[in-house]
Amino acid sequence: MRPHDFDRGVALPAGLTVAAVSKAADYIERSLADLTDIYFDQANLFSGLVGGFGARALDSHSVYEKHRHRDTAAQRFPDLRRRGSPDPPAPRDSLESKASIRAWQLQAHYDHAGWYVVWRYLVDPTETYEPGRPVIVWRIDIAFLEQSDWKYEGSGASSAGGGRTETFGLIKPAARLKGCAVYARSDVVLRGGKPVPANGDRRPPP
DNA sequence: CCCCGAAACGTTGAGCCTCA
DNA sequence: TGAGGCTCAACGTTTCGGGG
């Protein structure tokens, strides 16, 4: 990772360190480098892997661990809990690992309060950013989200058709996550809502 | 006692709207 | 005019629990 792109002023969950977050992001980039064909085949599945690998890395590199005992179906949140916290953990001891290629938006099936770490990543098959690293984590958001930060998003899914079930969306994610980027690569900027090289060409001619 | 639907988990793509 | 906000459709996996 790029040490100077970490912001040590961002509030983190108790016991979580910048070093642990950095190791986890590095683990994601290295572990998934050979699996980018999955991304081009089914991007949503690949993002699921990114989130899962992030949780796995934090489990081994931080005081946050995956729960060892399977809870009842409605209580599977969170991905990680602070070591030694009661069961079920309080929101302050809960840490959910999410991944996305989107710049800001965040969706979940629940509106649970707790700490969230979001691995914002891109797939760079030409390895323009880092030789040997086709998967790049370009920003890491860490925030404590209240239940009131989420809004319900209905669905028309039924036996008559439709795909997804009900979800919750983070309200005004760009505003809500302002100041929550513990890591942000300075060589990546948002243009057209997508991450692009900061030193890339300006807007292409019409 | 097995099977299968419901419900939990993980997301992206696309379109339209608002507002500075 | 573009960035951000909002909404909804589509997709894939795993676990639970009740009915046949």
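So you know, we letter chains A, B, ... as the sequences are listed, proteins then strands, and number each from 1.
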key: Full working for ring-ring contact (aromatic ring centres under 6.0 Å, His included) between A:W119 and A:Y27   = CA-CA 12 Å; A:W119 316 97; A:Y27 177 79; over 10 Å; no

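- A salt bridge links A:E130 with A:R185: the distance from a Lys NZ or Arg NE/NH1/NH2 to an Asp or Glu carboxylate oxygen falls below 4.0 Å.
- The distance from atom CZ of A:R120 to atom P of B:dT11 is 10 Å, rounded to the nearest whole Å.
- One interatomic measurement links the two molecules: CZ of A:F168 to C1' of B:dA8, which rounds to 13 Å at whole-angstrom precision.
- Between the P atom of B:dA8 and the NZ atom of A:K98 lies a distance of 14 Å, rounded to the nearest Å.
- The CG atom of A:D111 sits 12 Å away from the P atom of B:dA8 (whole-angstrom rounding).
- Atom CG in A:D79 sits roughly 16 Å away from atom P in C:dT14 (whole-Å rounding).
- Classified by interplanar angle (parallel below 30°, tilted 30° to 60°, perpendicular above 60°), the ring pair A:F46/A:Y39 is perpendicular.
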Identify all pairs in which a protein N or O lies below 3.5 Å from an N or O of nucleotides 4-6 of chain C, and state each distance.
from, atom 1, to, atom 2, distance (Å)
C:dG5, OP2, A:A174, N, 3.0
C:dC6, OP2, A:K172, N, 2.9

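- Taking the centre of each ring, A:Y110 and A:F77 stay at or above the 6.0 Å mark.
- Close to B:dT12, at under 4.0 Å from its OP1 or OP2, lies a side-chain N or O of A:S100.
- Within residues 41-51 of chain A, the residues approached by DNA chain C to less than 4.0 Å at the level of any non-hydrogen atom are A:Q42, A:N44, A:L45, in residue-number order.
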side-chain contact (heavy atoms from CB on, under 4.5 Å) between A:L16 and A:Y64, intermediate numbers included = CA-CA 8 Å; A:L16 190 64; A:Y64 285 79; 4.0 Å; yes

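- For A:D141, the salt bridge (charged side-chain N to carboxylate O under 4.0 Å, His left out) partners at least two apart in sequence or on another chain are A:R120, A:R139.
- When the P atom of B:dT11 is taken as reference, atom CZ of A:F53 falls 14 Å away, rounded to whole Å.
- Atom NZ in A:K23 sits 13.5 Å away from atom CE in A:M1 (nearest 0.5 Å).
- One atom, NE2 of A:H109, and another, P of C:dT13, lie 14 Å apart when rounded to the nearest Å.
- The pair A:K172-A:D149 does not count as a salt bridge, with every side-chain nitrogen at least 4.0 angstrom from each carboxylate oxygen.
- Rounded to a whole Å, the CD atom of A:Q107 is 13 Å from the C1' atom of C:dC11.
- Closest heavy-atom contact between A:A11 and A:W115: O-CZ3, 3.8 Å.
- Using a 4.0 Å heavy-atom cutoff across all strands shown, A:A108 reaches no nucleic acid atom at all.
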